[in-house]
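Residue indices begin at 1 and follow the sequence shown. Heavy atoms only: backbone and side chains are in, while hydrogens, waters and symmetry mates are out. All ligand and atom numbering here is 1-based and tracks the order in the structure.
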Amino acid sequence: MESIRDSHKQDVFDTFFENGNFCIVVVDHEGIVSYINESYCQFLNVDKRQAIGKHVTEVIENTRMHLVVETGKEEMADLQYIRGNYMIANRIPLRSDGKVVGAFGMVLFRDTEEWLKMNSHIRDLLLELKAYRSQRREQTGATYALHHIISQSQEVERLKDKIKQVAPSDVSVLLRGESGTGKELFAHSIHHLSERSNKPFVKVNCAAIPEDLLESELFGYQEGAFTGAKKGGKPGKFQLADGGTLFLDEIGDMPLHAQVKILRVLQEGEVEAIGATHPQKVNVRIIASTHQPLEQLIQDQRFREDLFYRINVVQFHVPALRERKEDIEVLARSLLHKVTNKIGKRVEDFDPAVQEAFKRYSWPGNVRELENAIESAVHLTRSESIGLDDLPSSIRATSSGYTAGRTLKESLEEAEKQAIQEAMVHAEGDKVKAAGTLGIGKSSLYEKVKKYGL
Ligand SMILES: Nc1ncnc2c1ncn2[C@@H]1O[C@H](COP(=O)(O)OP(=O)(O)OP(=O)(O)O)[C@@H](O)[C@H]1O
């Protein structure tokens with residue numbers, strides 16, 4: 001099919017070159033004006049017929065068009081003083097068979113006032129967009145999207161791809177992984193990528209709500225349901241999340257009686273507020289997260305198997321930071337930027353030894369621990385680059401067996417403390433297992449845990 005450029009070459013040319021909004025000039029290889037449009041002539045207050053054929057310096061004040069022909073280098077968004085003001089122009093060399101045969105000039109803004117107007121118009125639009133975005137985030141409750149998850153490792157990149165695949169459906173997702181790995185960020189991202197993104201994202205921290213309040217938090221209550229109940233009652237998290245996503249954080253810590261009730265809501269799509277006479281229909285997508293070994297909890301009868309199958313339709317494992325060391329450097333830089341912006345202190349980089357220590361350390365607290373270590377170092381440092389001395393001692397200790405000013409006994413104790421910490425993380429808090437891995441007795445481990453305040 002003939003393209004619009006070929007069939008209407010002249011119209012396209014006229015529309016662009018004679019458009020009243022643009023000022024355009026073309027010079028030949030000697031800097032002689034071979035074309036100038038009407039609006040440029042009006043702006044310069046010159047007659048078009050007289051301008052064509054003259055050297056560009058005689059037509060346009062402070063022009064550099066002839067210089068662009070000489071240098072062959074384009075000049076973009078350059079300021080040019082003209083008619084008592086600065087205009088902003090692009091100058092582009094025209095080439096034929098590799099030789100500069102002339103130059104094309106275009107005024108982007110006739111004066112800085114015009115530019116400022118456009119600039120403030122765009123700034124206003126950007127501010128409006130920003131306000132709209134944060135308002136929407138506040139309304140929905142999901143602050144993060146997939147692009148906020150910084151990574152370079154194949155593991156996390158693959159995980160992001162899988163998240164994109166399942167997010168649009170309504171399927172329940174179980175996010176597993178150690179504490180601080182970023183499970184909540186993934187939960188937000190799933191919501192953002194789903195059809196529910198304009199509806200609420202409601203988080204329930206199952207480990208933080210006192211057991212006796214959990215039911216009223218989850219399912220709400222009616223006015224007069226119990227002494228101290230608020231006037232008008234209170235909606236539960238399920239009702240608040242209606243149409244959107246309910247994020248059950250740390251679901252492994254949920255008491256059994258609440259598990260039974262949640263299961264019923266998920267099976268029946270109905271929730272009954274405390275003191276209500278009728279159940280109420282709710283439509284929520286469930287995303288749950290846990291760092292606990294749920295299969296073990298099921299065996300110990302601390303987690304209901306039927307609830308496990310309900311929430312575990314698609315399961316993702318977010319790897320620990322020590323299992324994806326490639327992410328540490330990019331994450332550290334991005335977190336440094338985040339922290340310095342928040343604190344307002346100028347710290348731009350890490351000493352190479354710090355990045356090395358970061359790579360060697362095992363990060364039992366994962367990205368959260370990395371963020372905290374960087375925040376504390378930014379507060380402590382006296383230079384623009386974070387050094388080893390600015391790091392918490394546990395991380396510093398991994399840089400070598402030796403830290404200046406420390407006795408051998410202190411260094412050994414630090415190493416021992418760290419080994420115990422790591423073993424405890426691997427054993428998910430099971431002290432008997434951790435003692436076994438370390439090759440020491442249970443009572444010896446208890447003693448050391450007490451000594452180091454772990
Ligand atoms: N890939 C990442 N990019 C940027 N920030 C991250 C990333 N992963 C985690 N974080 C940051 O680390 C902190 C902990 O993340 P998050 O709360 O999502 O972890 P979690 O796995 O849900 O932890 P918990 O199980 O304790 O609730 C947050 O401040 C988060 O912003």
Side-chain angles (χ1 to χ4, degrees), residues 134 137 140-164 167 173-193 201-209 237 245-254 286-294 297 303 311-312 315-343 350 358-359 361-378 392 395 421 424-426 428-429:
S134 79
R137 268 195 234 126
T140 67
T143 331
Y144 299 101
L146 216 51
H147 68 267
H148 291 114
I149 301 176
I150 310 291
S151 68
Q152 212 165 41
S153 63
Q154 270 193 5
E155 290 88 336
V156 176
E157 289 303 307
R158 251 187 254 134
L159 180 57
K160 284 188 188 174
D161 284 342
K162 287 192 211 148
I163 293 276
K164 280 189 215 153
V173 177
L174 176 62
L175 296 163
R176 304 187 78 163
E178 287 176 17
S179 191
T181 44
K183 297 186 292 299
E184 185 167 343
L185 265 59
F186 281 103
H188 284 216
S189 309
I190 295 172
H191 176 76
H192 262 294
L193 290 167
F201 174 92
V202 176
K203 173 180 161 177
V204 180
N205 189 337
C206 307
I209 305 176
K237 301 278 188 188
T245 305
L246 187 68
F247 175 43
L248 299 170
D249 195 14
E250 306 292 3
I251 196 164
D253 294 301
M254 178 167 290
I286 298 287
I287 302 178
S289 89
T290 185
H291 66 275
Q292 303 246 43
L294 290 183
L297 295 187
F303 200 83
I311 57 167
N312 184 30
Q315 185 180 130
F316 292 123
H317 172 73
V318 185
L321 192 53
R322 68 184 156 282
E323 291 160 1
R324 45 176 165 121
K325 298 225 159 178
E326 315 88 282
D327 284 348
I328 293 177
E329 192 167 336
V330 273
L331 265 170
R333 286 191 196 289
S334 157
L335 293 170
L336 177 64
H337 191 68
K338 179 175 164 188
V339 166
T340 49
N341 266 348
K342 185 173 94 179
I343 299 176
F350 302 96
F358 280 176
K359 283 206 191 106
Y361 185 57
S362 62
W363 300 108
N366 294 293
V367 187
R368 184 177 292 117
E369 188 184 4
L370 177 63
E371 187 168 350
N372 291 345
I374 292 173
E375 180 156 0
S376 119
V378 168
I395 302 169
Q421 255 174 343
M424 294 277 283
V425 168
H426 279 290
E428 289 170 331

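- The pair Lys160-Glu157 counts as a salt bridge, with a side-chain nitrogen and a carboxylate oxygen less than 4.0 angstrom apart.
- Every residue two or more places apart in sequence or in another chain that forms a side chain to side chain donor-acceptor pair (under 3.5 Å) with Lys203 is listed here: Glu184.
- Listed for the Asp327 side chain is a donor-acceptor partner under 3.5 Å among the backbone atoms of Gln152.
- Near ligand 1, residues Tyr144, His148, Ile149, Ile150, Glu178, Ser179, Gly180, Thr181, Gly182, Lys183, Glu184, Leu185, Asp249, Glu250, Leu331, Lys338, Val367, Arg368, Glu371 each place a heavy atom inside the 4.0 Å sphere around the ligand atoms.
- Counting heavy atoms from C-beta outward, Glu375 and Lys342 have side chains that approach closer than 4.5 Å.
- Asn366 contributes no side-chain N or O that, together with a main-chain N or O of Ala320, makes up a donor-acceptor pair within less than 3.5 Å.
- Taking the side chain as every heavy atom from C-beta outward, Arg324 and Thr181 approach each other to under 4.5 Å.
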